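Since the structure comes first, as structure tokens, the remarks are kept for the end.
In the text below, chain A, chain B and the rest are named by the order of the sequence lines, each starting its count at 1. All values reported here derive from a predicted model rather than from experimental measurement.
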Amino acid sequence: MSLLDKYRIRQAENLEKTMNRVQRWAAVAIVLGLMAGSTALLAGEMKADAATASEAITRAEAAQKKADSVNGEWRDTGKFIKNAKKAVEEGDYAKAIRLANKAESEGNLGYQQAVSQSKLEIPSYLKAMY
Amino acid sequence: MRKMVRLVSTLVVITSAAWLTACSNKPVTKQEPAAMAAPSDPKIVAAGKAIATGRSQGNCLACHMIEDGESPGNIGPPLIAMKARFPDKAKLRAQIWDATAANPESAMVPFGRFKVLTDDEIDKVVEYIWTL
Amino acid sequence: MKKLLISLAVLLVTAVSAQAGPEEDRMAFIKYYKGKFPNVPMEEYANGAYAIDPVGRENWEAIEEFPPYEPFIDRGQVMWEKPFANGKGYKDCFPDGPAIAHNYPRWDREQGLVMTLPLALNQCRKANSEKPLKYKKGPINDILSYIAFQSRGKVVNVEVPKDDPRAMAAYEDGKKFYFTRRGQLNFSCATCHVQNTGLKVRTEILSPSVGHITHWPVYRSKVDWGTVGTLHRRFTGCNKNIRAKPMKAQGPEYRNLEYFLSYLSNGLELNGPGARK
């Protein structure tokens, strides 16, 4: 075996070692990436950019308006939307989306609460007195 | 090299599977919580107590007598003998999550349905209340 | 045929009970509270929670010995007597005054709305080119305190005229508000003040709704009050407590609620201004 051959073999071995290392890291990276991705998805914050935040706020405002139209708005819904807008200004889109989603959910719940009682019902404890 | 490919693909499959189950599990815990059979973790119980007796979150004391909690209300029944009253922990959780489901005229706040507390907070409160 | 008649009769009965009139409502409330508090005489309901809370009552009676609302009454008298910029005054708008609190709320046929005393006061100001008063805090409480004090002993006698269906609609709207669960905490007025009257939220005893409107405006010693406030300020506070967005003070919702709530106190004597915790 010539020196050159030895050199080539060593080079090939090194290359393989590097490749192994690269592959191992790649695997770790993929796994980590997937985990991070799934956590983010679970938290509903996969994309936290200005456009997503603005869409979330638009949805929240629509829900708030819907609740208000039946006198069903809750106390803090407006405050959440206001703070979401402030968070957008500060560049904290994740916070803005979280607050806007909260406000949207409150708007929907307040609306449902009001329309589910659209017919007046005297509760049984008082009805028994008529 | 081939070994490596196999390893990576296996990992990918496992992670995706884990991710999928995690995703599909989420709505389930929201509605019908699985009762946790494991013995109460004192840390969780303590966290639950803080939520239950604090004024800003659970504020259970506003309506219920709890242990030696200060100035309790009496709109709801005293929280005693909870294991006897709720042998099934899941029933206790359902009551806290939305008492109006069982009785539409219940005065109790639907803590879960109206998101006064998060699911995680309710889990902790349940752990605490169940020790009473 | 017989079946049809029966179902028609059933329909009629349900329609009648669902559309119980104001007097039936008032009687039902009184019967309910009488069942809960058999030893409380009717006239005591004008004292709110203190009719059913002996400990709170002692404190209250001590406070009433040096009424915290007295300076408000005095300032209100000055307001009542002082002419507007155009030379006219409240006396010209309310020739029967100042003891007029028992005439409100009433159905205003011309405007087709429930007229409350604060709204009437501001309409008087507007007619005389004066700026309207704010409806929750501030000087409106002075003049309301004076009028309330002058009206002590007058009897609540709210009427829902039968010949104007809009009046009944306003009453029904107020009643609907009263029984509707709202806010994140999901309470209606009835949850606390009927279903759980006499029980305690923390240390506070929940008052009956018969007697809710006899003593306004009220001096509350509570930290964020520490002054005299209006009934609609109290409505606002109640709605915020249950985490609902409050309605506008003197808007149609709260005026209609006041109409319904005031009818429940028919027959009780006015005893405002009041003092509460």
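- For the options C:Ile30, C:Thr191, C:Asn186, heavy-atom pairs under 4.5 Å to chain A are most numerous at C:Asn186.
- Atoms NZ and CD, on C:Lys176 and A:Glu121 in that order, are 10.5 Å from each other to the nearest 0.5 Å.
- A distance of 14.0 Å separates CE of A:Met129 from CG of C:Asp25, quoted to the nearest 0.5 Å.
- Heavy-atom distances place no part of C:Tyr178 under 4.5 Å from chain A, backbone and side chain included.
- Looking at A:Ser118, the atoms closer than 4.5 Å to chain C (heavy atoms on both sides) all sit in the backbone: N, CA, C or O.
- Heavy atoms only, all atoms of each residue included: A:Pro123 and C:Phe179 are closest at CD-CD2, 3.4 Å.
- Annotation: residues 58-74 of chain A contacts chain C through A:Asp68, A:Asn71, A:Glu73, A:Trp74 [non-hydrogen atoms, separation under 4.5 Å].
- Under the rule for a side-chain contact (heavy atoms from CB on, under 4.5 Å), the partners of C:Gln111 that lie at least two apart in sequence or sit in another chain are C:Asp108, C:Leu113, C:Met115, C:Gln123.
- Atoms CD and CD, on A:Gln113 and C:Gln184 in that order, are 9.5 Å from each other to the nearest 0.5 Å.
- Note that OH of A:Tyr130 and OH of C:Tyr32 are 12.5 Å apart. Values are rounded to the nearest 0.5 Å.
- Within a 6.0 Å radius of OH in C:Tyr171, more than 12 heavy atoms belonging to other residues, nucleotides or ligands are found.
- Applying the 6.0 Å contact sphere to CD of C:Glu43 captures more than 12 heavy atoms from other residues, nucleotides or ligands.
- For chain A, the option among C:Glu24, C:Arg181, C:Lys240, C:Met27 with the highest count of heavy-atom pairs below 4.5 Å is C:Arg181.
- C:Lys222 NZ: more than 12 foreign heavy atoms inside a 6.0 Å radius.
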